[in-house]
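In what follows, a single structure is set out as structure tokens and then discussed.
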Amino acid sequence: MRADIRTVGLIAFALASACATATPFDQHFEAHRYEAAARAFHASPELHEQERALFRAALTYGSPQSPVFNPDSARALIERLQRLYPKTRYRDEAHRLAALLEEVQRLEDRAERHEREVERLTQEVAELRRHIAWLETHVEVRDEMLDMLRQVIERLEGEARYKDGRIRALQEELDRLKEIDLGRAAPPRGPPARPD
């Protein structure tokens, strides 16, 4: 949520700083037509040298709700902006956008790790259940052996319950992370009002 507010703030700043729509790229950007803005930016090499165009292109690719969201492209554009304009007027906003992109990457990496952990634990539980089933079908021994096997089964079932609980906890965490990520992917709101 905080990242979305920062993104909207960055876009609002970019819109407020535009005195007039000068290019098709600017027109598409200001109308939140990010796919068309990206095409217009790449079709106009002269924009790749302009401070405002570079920052707006970084926003186009760096806004999670943008259909052309691409953190690597956004980072490359921020780096180009900073290289060509070391004292850019967009310096603070570019730093905030870079931080947002790092946070998005961190959350995506964390979600991916959780997915791998859920998969691993699911496989372990399935293996434990197969082992339990095998033990239950081969219990044809004396009373002493039956008692021992029951203890093993109880221990394995306890582990399975524990791992089921762990899977549920990880799944809830994964769902929460997906909700956070999907919250960023909400369709863009209408353009912010220009200050007088």
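In this structure, Tyr85 contributes its side chain and Glu49 its backbone to a donor-acceptor pair below 3.5 Å. Remark: the backbone N or O of Glu46 is not paired with any side-chain donor or acceptor of Ser44 at under 3.5 angstrom. For Thr23 (side chain) and Asp26 (main-chain N/O), a donor-acceptor pair under 3.5 Å exists by modelled atom type. Between the Arg80 side chain and the His48 main chain, a donor and an acceptor come within less than 3.5 Å of each other. A donor-acceptor contact shorter than 3.5 Å links the side chain of Glu51 to the backbone of Arg89.
Within the 4.5 Å cutoff, the side chain of Glu159 has no heavy atoms near those of the Glu124 side chain. For the pair Arg120 and Lys163, the minimum side-chain heavy-atom distance is 4.5 Å or more. Using a 4.5 Å heavy-atom threshold, the side chains of Thr122 and Val118 count as touching. Leu128 places none of its side-chain heavy atoms less than 4.5 Å from the side chain of His131. Looking at heavy atoms from C-beta onward, His95 lies in side-chain contact with Gln82 at the 4.5 angstrom threshold. Using a 4.5 Å heavy-atom threshold, the side chains of Tyr90 and Leu54 count as separate. Side-chain contact between Leu101 and Gln105: absent, with no pair of heavy atoms (C-beta onward) separated by less than 4.5 Å. Side-chain atoms of Thr60 and Phe69, non-hydrogen and from C-beta on, never get closer than 4.5 Å to each other.
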Derivation of the side chain to side chain contact (heavy atoms under 4.5 Å, CB included) call for Arg113 and Glu108: CA-CA 9 Å; Arg113 283 194 307 273; Glu108 286 176 355; over 6 Å; no
From CA spacing to verdict: salt bridge (Lys or Arg N to Asp or Glu O under 4.0 Å), Asp72, Arg75: CA-CA 5 Å; Asp72 292 334; Arg75 276 191 286 272; 2.9 Å; yes
I would like to know whether Arg168 and Asp175 meet salt bridge (Lys or Arg N to Asp or Glu O under 4.0 Å); could you show each step before the answer? CA-CA 10 Å; Arg168 278 193 298 278; Asp175 290 343; over 6 Å; no
For the pair Glu154 and Arg150, evaluate salt bridge (Lys or Arg N to Asp or Glu O under 4.0 Å) and give the outcome as yes or no after the intermediate values. CA-CA 6 Å; Glu154 287 172 7; Arg150 283 191 192 99; over 6 Å; no
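Within a 6.0 Å sphere centred on CZ of Arg91, other residues, nucleotides and ligands contribute 12 heavy atoms or fewer.
Taking hydrophobic clusters as Ile, Leu, Val, Met, Phe, Trp and Tyr residues chained together by side-chain heavy-atom distances below 4.5 Å, Leu121 does not share a cluster with Leu177. Taking hydrophobic clusters as Ile, Leu, Val, Met, Phe, Trp and Tyr residues chained together by side-chain heavy-atom distances below 4.5 Å, Leu156 does not share a cluster with Tyr162. Note on Val125 and Val152: separate hydrophobic clusters, where clusters join Ile, Leu, Val, Met, Phe, Trp and Tyr whose side-chain heavy atoms are under 4.5 Å apart, directly or indirectly. Both Ile78 and Val68 are members of a single hydrophobic cluster when ILVMFWY side chains are connected at heavy-atom separations under 4.5 Å.
Partner of Glu112 under the side-chain hydrogen bond (donor to acceptor under 3.5 Å, both in side chains) criterion, chosen from His114, Arg110, Arg116: Arg116.
Of all heavy-atom pairs between Pro64 and Leu100, the closest is CD-CD2, 4.1 Å. Between Tyr34 and Ser66 the shortest heavy-atom distance is CB-OG, 3.4 Å. The nearest pair of heavy atoms linking Ala74 to Ala58 is CB-O, 3.6 Å. When all heavy atoms are compared, the tightest approach of Leu81 to Ala94 is CD2-CB, 4.4 Å. Minimum interatomic distance between Phe29 and Arg56 (heavy atoms only, all atoms of both residues): CE1-O, 3.4 Å.
Note that CG of Asp109 is 9.5 Å distant from CD of Glu102, once rounded to the nearest 0.5 Å. Between the CZ atom of Phe25 and the CZ atom of Arg33 there is a distance of 12.5 Å, given to the nearest 0.5 Å. In this structure, CG in Leu77 is found 9.5 Å from CG in Asn70, a value given to the nearest 0.5 Å.
For Phe41 and His28, the gap between ring centers reaches or exceeds 6.0 Å.
Taking 4.0 Å as the cut-off between side-chain N and carboxylate O, Glu127 and Arg130 count as a salt-bridged pair.
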